Protein chains: 2
Amino acid sequence: MMSDVDTFKKLLIEHQLIVGERTFLKDEFLIKAGDVVYFLNWIEKGSVRAFFINEKEEEQNVRFGYIGDLFTSVKSVFLNQPSDLYLQALKKTKVHLISVEKLKSIIQSNEVFSQIWINIIQYLVCQQMDREMDLLTNDPKLRYERVLERSPQLFQEISSKHIANYLRMTPETLSRVRKS
Amino acid sequence: MMSDVDTFKKLLIEHQLIVGERTFLKDEFLIKAGDVVYFLNWIEKGSVRAFFINEKEEEQNVRFGYIGDLFTSVKSVFLNQPSDLYLQALKKTKVHLISVEKLKSIIQSNEVFSQIWINIIQYLVCQQMDREMDLLTNDPKLRYERVLERSPQLFQEISSKHIANYLRMTPETLSRVRKS
DNA sequence: ATTTATTTTTACCTTTGCTCAATAATTAAA
DNA sequence: TTTAATTATTGAGCAAAGGTAAAAATAAAT
C-alpha cells in the first residue's frame, strides 16, 4: 500500500514539478535565515538539518532530513516570508528541487493534489504535536527515550552532538543518559 | 478584510455543519483521553485548556482556547484515533458543535472548503513551529517573554498556574520571573 | 599513513530551577 | 457576609542538569 507521501512524490514527477537538482557539500547551506524560499528539497542522498539562531546567538536544531524526505523551511513557504531557519547539509547531499510556485499553483487548481496535500500537512501537524510532547518532557532521560522509540533512524544518521541539541540538552548530558 | 478563519466560520454556518451546542461547567471535560472525537468545539463563551498526562502522571498543558476559537483534539481528528488529550473547561463554557464527519466529507467534495482548509492548517503548522521555538528556549524568563509578546491575551484569560505549566516551569518560577 | 580536527566521554564544580513550607491574596461556596 | 478552598508569593535548602576542562575516540584532511 502506497503512503500519501509516496503518492505525492509520484505526482510531483508526473506533473513536472521538479525543476532541477543540486548537490551541497558538507556544511553548505541549502537555505539561510533571511532567504526567500523558492524550492522544496527532495533529498536523494545525504542528510540535512534545520536550525535557528536563538536569543543567545546559539544554533538550535529543530528538524533533520534524510534520503527520501521532502525538506524545506515550512513557515517561509506557507507565510511567504523570509526563512527564519537555516538548512544545512550534514554531509555531501544531493537534492531534487520542487518549485514552490508551481506546487502552490497546482494545489489550487488540481483536486487530486489538494486532497493529498491536505493529508500530508495534517500528518505534519500530528508529528509536531508529538514533538511538542517530547519537548515538554522535563527529564532528559525520558526525553531521549521518547524520541529514540519513535525515531530510531535518527540515531543512526545524525551525530550525537546534533541530536543532543535537538533534544534540548548538552552533548555531555546525552552521553550520560545513554550510559545509564 | 476577512481572515481565513472568519471565512471558514461563515462557511460552517452556511453549510449547516453546526449540529448542536453544549454548555460545560468549570472543570468539566469536553473530551477525555481515550475518547473518540466527533466534534470541533466553536467556543461562544468561556475558556478551555488541552492537556495530556505525562510519564510521571502529571498534567501538562499544551493549548488554550477562548471565545471565537475552534478547539478540538487535532491529532485524534486527523488520525481517526482516540484522543491523547483532555479538553477541560476552565470556567463555564458554551460551545457550538461542528460535526467532524460532515466537515471531513465537505472538505473532500467542496473546492472552496478544501482550499480554505489548506490555509487554516498551514497556518496551524506555522503556529506550532513558533511554539516549538518557544519550548526550545532554555531560559525561563526568555520563554515567558517570547510567549507574552506573541500571545498577550493568554495572560488576561488564563491563570498563572496554568500558564506556568504551559511554559514548562513551576508557578513559583513564573512568579519570580514576572517580578524581575 | 600521518597529522589535524572534531566528536565523545569522564570527572569535578557551579548554577539554577524545583521542592518544601509558610504566608498572603483571591476566588468560590455556604 | 463569612467561611472554605484555591491560587499566588516569598524564602531556604537541595538535586540535577549544565559548564569547564582534559582525555579518549573518531573522522577528516594532507
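Please read these numbers as outputs of a predicted model, since none were measured by experiment. Hydrogens, waters and symmetry mates are skipped; everything else that's a heavy atom, side chains included, is used.
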ask   = Counting side-chain heavy atoms from CB outward, which of D:dA8, D:dT9, D:dG18 is closest to A:Met169?
value = D:dG18
ask   = Whole Å only: how far is the CD atom of B:Glu59 from the P atom of D:dT7?
value = 11 Å
remark   = Rounded to whole Å, CG of B:Leu174 lies from P of C:dT16 at a distance of 18 Å
query = Any link between B:Ile106 and A:Val112 through a network of hydrophobic side chains (Ile, Leu, Val, Met, Phe, Trp, Tyr) touching at under 4.5 Å?
reply = yes
request  = Please state how far atom CZ in B:Arg143 lies from atom P in C:dT16, giving the value in whole angstrom units.
outcome  = 14 Å
request  = Tell me, please, whether B:Tyr166 has B:Arg131 positioned over its six-membered ring: NZ or CZ under 6.0 Å from the ring centre and within 45 degrees of its axis?
outcome  = yes
key: Among C:dT8, D:dG18, D:dT9, the nucleotide that comes nearest once only the side chain of B:Glu172 is considered   = D:dT9
request  = Consider the side chain of B:Lys179, meaning its heavy atoms from C-beta on, and name the nucleotide among D:dT10, D:dT7, C:dT10 that approaches it most closely.
outcome  = D:dT10
remark   = Rounded to 10°, the helix from C:dA1-D:dT30 to C:dA30-D:dT1 deviates from straight, judged by its five-pair end axes, by 60°
message = On the nucleotide C:dT7, are OP1 or OP2 found under 4.0 Å from the side-chain N or O atoms that A:Ser159 carries?
response = no
ask   = Which whole-number value in Å describes the distance from A:Asp27 CG to C:dT7 C1'?
value = 13 Å
key: Side-chain N,O (A:Thr173) to OP1/OP2 (D:dG18) below 4.0 Å   = yes
request  = Look at B:Thr170 and C:dC18 and indicate whether a side-chain polar atom (N or O) is within less than 4.0 Å of OP1 or OP2.
outcome  = yes
message = By the 4.0 Å heavy-atom rule, please label A:Asp139 as base, sugar-phosphate, or nothing.
response = sugar-phosphate
message = Can you confirm if the aromatic rings of A:Phe113 and A:His15 lie within a centre distance of less than 6.0 Å?
response = yes
task = Measure the distance from NZ on B:Lys141 to P on C:dG17 and round it to the nearest whole Å.
result = 12 Å
ask   = Is the shortest side-chain N to carboxylate O distance from B:Lys75 to B:Asp84 below 4.0 Å?
value = yes
remark   = Here the distance between atom P of D:dT26 and atom NZ of A:Lys161, to the nearest Å, is 18 Å
ask   = Side chain of B:Pro140: nearest nucleotide among C:dG17, D:dG18, C:dT10?
value = C:dG17
key: A:Arg168 (side chain) and D:dG18 (base): donor-acceptor pair under 3.5 Å   = no
request  = May I have the distance from A:Leu142 (atom CG) to D:dA17 (atom P), rounded to whole angstrom?
outcome  = 10 Å
task = Determine whether the aromatic ring centres of A:Tyr86 and A:Phe29 lie less than 6.0 Å apart.
result = yes
task = Between B:Lys26 and B:Arg176, just flag the one whose closest nucleotide in DNA chain C comes earlier from the 5' side.
result = B:Arg176
task = Decide, yes or no, whether a salt bridge links A:Arg63 with B:Glu132 under the criterion of side-chain N to carboxylate O below 4.0 Å.
result = yes
ask   = So does B:Glu59 pair up with B:Arg49, basic N to acidic O under 4.0 Å?
value = yes
